[in-house]
Amino acid sequence: METPTHKSILQIESYQPQAIEANWQQRWEETGLHTTDTSDSHKPKYYALSMFPYPSGRLHMGHVRNYTITDVIARFKRMHGYNVLHPMGWDAFGLPAENAAIQNNIPPSEWTLSNIEYMRKQLKKLGLAVDWDREVATCKEDYYKWTQWMFLYLYKRGLAYKKEAPVNWCDQCQTVLANEQVIDGRCWRDDSLVIKKKLSQWFFKITDYAERLLGNLPVLEGWPERVLLMQKNWINKSSGAEIHFAVEGRDIKIPIFTTRPDTIFGVTYMVLAPEHPLVELIVSEDYRETVDQYLENTKLKSDLERQATDKEKTGVPLGINAINPYTGEAVPIWVSDYVLMEYGTGAVMAVPAHDERDFAFATKFRLPIKRVIEKPGFIGLPLEQAYTEPGILVNSGEFNGEDSDTGKLKMIRLAESKGFGKEKIQYRLRDWLVSRQRYWGTPIPILYCDKCGTVPVLDEHLPVRLPKDVDFNVKGMSPVATSSSFRQAPCPTCGGMARRETDTMDTFVDSSWYYLRYIDPYNTTKPFEPQLIHQWMPVDQYVGGIEHAILHLMYSRFFMMALSDSGWTEQDEPFKNLLTQGMVLKDGSKMSKSKGNIVDPDEIFKEFGADTARFFILSDSPPQADFDWKDSAVEGCSKFLHRVWRTVMDHKGKIGMDMPLPNYEDMTGETRELFQWTNRTIAGITKDIETQFQFNTVMSKLREFVNYLGKVNPGDSPNAVYSHAICSLLKLMAPIAPHMTEELWFLLGGLDSIHLQSWPKWDSSAIQADHAEIVVQINGKLRDRFTVPAGTDRSELEAKALQSAKIKEHIGEQQVVKVIVVPDKLVNLVVK
RNA sequence: GCCCUGGUGGCGAAAUGGUAGACGCAGCAGACUUAAAAUCUGCAGCACCUUACGGUGUGUGCCAGUUCGAGUCUGGCCCAGGGCACCA
């Protein structure tokens, strides 16, 4: 790297943030100050990553907060000697671009790329220490080529498959809707109810990794507890048993999953999901009509209607019985939409006495309720609600008297020995549906050949390019399917003409691996060089919104695991530490166009400069908490930066670079106090950043220090201790206000960029002040205070406290029964 | 319904079990100024007493508890925000 030429073209005396910022941004870019040499392994690596933005058109304050936090961390780490990778890119595929195409007749690519141009300029104005040479955009061919490669990688490993699946369907628009387009069960465009329709769709087999995704959670010590918990709940592991119930008089067995095999003697009926394939097969002729009607009604129901937990349960009997393999009892089989086809086996055994849902259903349809678990202290009253806790087994034949936990195990063992069931672990996590009937996404690289069936596109034929000759106004299918140039391609196996898959991928696929591409963005032969990934992964600090707690973060973990299985990556977890920053609010609610409470970052840059914006967005709240934007407080930050400027410039003549410090022991009076202040500030701020990134308290410590500095008289000639204080202040502020500190650093005679300096060190022996104020309490109540030299011993403190006139008066006739002394802090007298 | 997070001045918030409210915003008073802005200095939880200096009481959602001492620890409750929601 060339040595940056540190010349200010400005030579100004007053703080003019806009001029300073533009100047330094240009210099830094010219000198490549923020480029990272990933091959340099002399320094320890540090990978700081922000969740990349969707190029919606303009930056919002949430972005400013997110990227400022990561930027400060990146700069802080660099000043600690790390080789820091801090990239930026664009999550550039997605629906808004397609809507713009329909509404304004602009091609999605054009809309997206011009948004990127604009937002990149905005981000540069924020002064991020980002290596822009590594920028990626998921909509560019040299990126989505490798997203397609990822798809094929998963396909070849049996982790991508196609099956019929119900999707959100709007009958009005004749189109499939993405989940995000379904608002409260209705179509976002015409408000009509969304129904389920079966379509053939591509899935990723994330369920294969359920156990690993769950098991690794405790390893992620640097993640917020609540994110780990949300993922755990999402995967929702339950252990129980799969039991096969025979259908009476038929050679058919129905498997059910239950977490409570111990309650199996209490089964009084069985329920199939409406979508269960056996419904059609086993329904008795007398009941076929009512059952068909029920299935028809269910189909018309929206997700919202069907999933409402407070609604009355519905269902119809199939007119046929199942045999409980434990008791030989025949119980009726029903069909009801409270049973979900997607979970377990799509069939349940119903134990109304010990399951709330079954209880509600049985009560409504007057089905028998048989109690098999007794709670301790049971007195034989009829059940008014299901008893779902553990207890002692009754009415359970040979198992009577067992507690439910052992009963559970014994029941499973019996089923296994008799061959009608087995122990089973079940997860709520479903496979990831990645097909989207949309244009603006990564085309799925698959061909359908009449002779050879489903055939993957060969790696050397990637990328499968998005066609341009499409009609965006079609309904009921992906606009890609309207392209005549796209529709067909030669089959790689037989050479005949094959049909191309016209669906594109969910944009979460694009974002599941982008952090890997940043490490090796120009690789044309592989998605990335594994050696570099080994060196740079995992991401040391990931920063982004809590809204991605489940989807993006789980998908990325899945990708890493799948890639690590064949050695493409060494690590199987992508993000070592995660910081989820809070929202930016205005007047107590989220900034939004409809509320008209948006604060435009551009306006803030223009009026106050980026350094003020950065300083403010870190000031008032800790990063994890929501942040309330307040215009007057921004002004306060701007004033503070002006004040720092003045404080430094007013005493410019007394500040020298690298003046040798006298020995601390020899310092006296104000000089000694100033040195203590400086050390205390450095130590405090360093600790605040290192533990939990408490930037809000960093800001108050900076202000306290500057308030103090304003009162210090540095004398008439260059002063080493004062210089040390000012230089430390500038370095402490450098990650937060990079432009202003750089300019001041230069004006003070710094030869190299302040951003290449080491983080200031502190002398821990010089932190404590020479005097301590001692508080005197009586029975814990503050009564007096006095000042002593620091380190005054206990007995002296006690004596001094007892001598105080005020204290004597308070004690009066009472007896001092106990004295607690905390050196340098307080004396507490216990009196009676 | 279940899970999580939080509740401290007018507001944003700080506080290894040890002076509650640092720091800031808004406010008030003063200095500078012809004036305003900017800047600087000071005041500031609430209530009461005192001409004043100062003092007393009270105070971190509510109720108990542990402790010489609790915003902080324990138990119970209330409220707000968020997530999940018929997952067998």
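In what follows, chains carry the letters A, B, and so on, assigned in the order in which the sequence lines appear, proteins first and then strands, with residues in each chain numbered from 1.
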Colleague: Watson-Crick or G-U wobble partner for B:rA52, using a 3.5 Å limit on both distances?
Modeller: none
Colleague: Atom CD1 of A:Ile774 and atom P of B:rG69: how far apart are they, to the nearest Å?
Modeller: 20 Å
Colleague: Does A:Gly344 reach a base, just sugar-phosphate, or nothing at all? Heavy atoms under 4.0 Å.
Modeller: nothing
Colleague: Given the P atoms of B:rA15 and B:rG24, what is the spacing between them in whole Å?
Modeller: 16 Å
Colleague: Select base, sugar-phosphate, or nothing to describe what A:Glu225 touches, counting heavy atoms under 4.0 Å on all strands.
Modeller: nothing
Colleague: Between B:rU19 and A:Arg785, counting only base atoms on the nucleotide and side-chain atoms on the residue, is there a donor-acceptor pair under 3.5 Å?
Modeller: yes
Colleague: Using the closest heavy atom to pick a nucleotide of RNA chain B for each, name whichever of A:Asn236 or A:Asp620 lands nearer the 5' end.
Modeller: A:Asp620
Colleague: Look at the side chain of A:Leu782 and decide which nucleotide, out of B:rA22, B:rU16, B:rU19, has an atom nearest to it.
Modeller: B:rU19
Colleague: Measure from the side chain of A:Asn828, starting at C-beta and using heavy atoms only, and say which of B:rC84, B:rC68, B:rG24 lies closest.
Modeller: B:rC68
Colleague: So what does A:Val339 touch, heavy atoms closer than 4.0 Å: a base, only the sugar-phosphate, or nothing?
Modeller: base
Colleague: In whole angstrom, give the distance that lies between atom CE of A:Met411 and atom P of B:rA88.
Modeller: 19 Å
Colleague: Taking atom P in both B:rG81 and B:rA26, what distance in whole Å separates the two?
Modeller: 29 Å
Colleague: Which whole number of Å gives the distance between the C1' atom of B:rG27 and that of B:rG75?
Modeller: 42 Å
Colleague: Base, sugar-phosphate, or nothing for A:Val830, non-hydrogen atoms under 4.0 angstrom?
Modeller: sugar-phosphate
Colleague: So what does A:Arg703 touch, heavy atoms closer than 4.0 Å: a base, only the sugar-phosphate, or nothing?
Modeller: sugar-phosphate
Colleague: How are the rings of A:Phe361 and A:Tyr338 set relative to one another: parallel (under 30°), tilted (30 to 60°) or perpendicular (over 60°)?
Modeller: tilted
Colleague: Is there side-chain contact between A:Val335 and A:Val316, with heavy atoms separated by less than 4.5 Å?
Modeller: yes
Colleague: Find which nucleotide of RNA chain B each of A:Asp628 and A:Gly780 is nearest to by heavy atoms, and output the residue with the more 5' nucleotide.
Modeller: A:Asp628
Colleague: How many Å lie between NZ on A:Lys832 and P on B:rC68, as a whole number?
Modeller: 11 Å
Colleague: Which of the following nucleotides, B:rA88, B:rA14, B:rC4, is nearest to the side chain of A:Leu229?
Modeller: B:rC4
Colleague: What nucleic acid atoms does A:Arg783 come within less than 4.0 Å of, heavy atoms only: base, sugar-phosphate, or nothing?
Modeller: sugar-phosphate
Colleague: Give one of base, sugar-phosphate or nothing for A:Lys806, where a contact means two heavy atoms less than 4.0 Å apart.
Modeller: sugar-phosphate
Colleague: Describe the nucleic acid contact of A:Ser238 in one word from base, sugar-phosphate, nothing, applying a heavy-atom distance below 4.0 Å.
Modeller: sugar-phosphate
Colleague: Any salt bridge linking A:Glu329 with A:Lys370? Criterion: basic side-chain nitrogen under 4.0 Å from a carboxylate oxygen.
Modeller: yes
Colleague: Between B:rC11 and B:rA47, how far apart are the two P atoms, rounded to whole Å?
Modeller: 15 Å
Colleague: Atom OH of A:Tyr343 and atom P of B:rA88: how far apart are they, to the nearest Å?
Modeller: 4 Å
Colleague: Using every non-hydrogen atom in the two residues, find where A:Ile811 and A:Leu829 come nearest and quote the distance to one decimal.
Modeller: CD1-CD1, 4.2 Å
Colleague: Is B:rG45 paired to anything, Watson-Crick or G-U wobble with both distances less than 3.5 Å, and if yes, which nucleotide?
Modeller: B:rU58
Colleague: B:rU39 pairs with which nucleotide, Watson-Crick or G-U wobble, both distances below 3.5 Å?
Modeller: B:rA31
Colleague: Which of these, A:Gln692, A:Gln581, A:Arg226, sits in a side-chain hydrogen bond (donor to acceptor under 3.5 Å, both in side chains) with A:Gln624?
Modeller: A:Gln692
Colleague: With a 4.0 Å cutoff (strictly under), does any side-chain N or O of A:Lys818 reach OP1 or OP2 of B:rC68?
Modeller: yes
Colleague: Measuring from the side chain of A:Lys639 (C-beta onward, heavy atoms only), which nucleotide among B:rG24, B:rU19, B:rU39 has the closest atom?
Modeller: B:rU39
Colleague: Using whole Å, report how far CD of A:Glu342 lies from C1' of B:rA88.
Modeller: 14 Å
Colleague: Which listed nucleotide (B:rA88, B:rC23, B:rC25) is nearest to the side chain of A:Phe257?
Modeller: B:rA88
Colleague: How far, in whole Å, is B:rG76 from B:rU5 if one measures between their P atoms?
Modeller: 15 Å
Colleague: For nucleotides B:rU72 and B:rG6, find the distance between their C1' atoms and express it as a whole number of Å.
Modeller: 15 Å
Colleague: Quick check for you: among B:rA88, B:rA14, B:rC25, whose closest atom lies nearest to any side-chain atom of A:Asn696?
Modeller: B:rA14
Colleague: Can you find a heavy atom in the side chain of A:Tyr343 that is under 4.5 Å from one in the side chain of A:Gln426?
Modeller: yes
Colleague: Work out how far the C1' atom of B:rA14 is from that of B:rA64, and round it to whole angstrom.
Modeller: 28 Å
Colleague: What contact category does A:Glu635 fall into here, base, sugar-phosphate, or nothing, at under 4.0 angstrom with non-hydrogen atoms?
Modeller: nothing
Colleague: Looking at A:Lys313 and B:rC86, is any side-chain donor or acceptor paired with a base atom of the opposite kind under 3.5 Å?
Modeller: yes
Colleague: If you compare every side-chain N and O of A:His810 against the phosphate oxygens of B:rU56 (OP1, OP2), does one of them come in below 4.0 Å?
Modeller: yes
Colleague: Looking only at side-chain atoms of A:Asn233, point me to the closest of B:rC3, B:rU56, B:rC25.
Modeller: B:rC3
Colleague: Please measure how far the C1' atom in B:rA22 lies from the corresponding atom in B:rU60, and state the result in whole Å.
Modeller: 15 Å
Colleague: Counting Watson-Crick and G-U wobble pairs only, both distances under 3.5 Å, name the nucleotide matched with B:rA64, or none.
Modeller: B:rU74
Colleague: Taking 4.0 Å as the cut-off, does a side-chain nitrogen or oxygen of A:Arg428 come that near to OP1 or OP2 on B:rA88?
Modeller: no
Colleague: For a quick check of understanding: with a heavy-atom distance under 4.0 Å over all strands, which category does A:Lys701 fall into, base, sugar-phosphate or nothing?
Modeller: nothing
Colleague: May I ask you to test the A:Arg794-A:Val819 pair for a side-chain heavy-atom distance under 4.5 Å?
Modeller: no
Colleague: Counting heavy atoms not belonging to A:Glu690, are there more than 12 under 6.0 Å from its CD?
Modeller: yes
Colleague: Partner lookup for B:rC2, please. Criteria are Watson-Crick or G-U wobble with both distances under 3.5 angstrom; report none if nothing qualifies.
Modeller: B:rG83
Colleague: Answer yes if the ring centres of A:Phe640 and A:Phe616 are under 6.0 angstrom apart, and no otherwise.
Modeller: no
Colleague: Taking syn as any angle within 90 degrees of 0 and anti as the rest, which one fits B:rG42?
Modeller: anti
Colleague: Could you check how far NZ of A:Lys237 sits from P of B:rC3, rounded to whole Å?
Modeller: 21 Å
Colleague: Assign A:Leu340 to base, sugar-phosphate, or nothing according to its heavy-atom contacts below 4.0 angstrom with the strands shown.
Modeller: base
Colleague: By nearest atom, which of the nucleotides B:rA88, B:rC68, B:rC4 is closest to the A:Arg226 side chain?
Modeller: B:rC4
Colleague: Using whole Å, report how far CG of A:Asp650 lies from P of B:rU39.
Modeller: 14 Å
Colleague: Partner of B:rC11 by Watson-Crick or G-U wobble geometry, both contacts under 3.5 Å, or none?
Modeller: B:rG24
Colleague: Check the side chains of A:Tyr294 and A:Thr314 for a donor-acceptor pair under 3.5 angstrom, ignoring hydrogens and angles.
Modeller: yes
Colleague: Without decimals, in angstroms, what is the distance between A:Ile820 CD1 and B:rG69 C1'?
Modeller: 7 Å
Colleague: Given B:rA26, B:rA22, B:rU19, which nucleotide is nearest the side-chain atoms of A:Ser700?
Modeller: B:rA22
Colleague: When you measure from the side-chain N and O atoms of A:Lys781 to the phosphate of B:rU56, is any distance below 4.0 Å, counting only OP1 and OP2?
Modeller: no
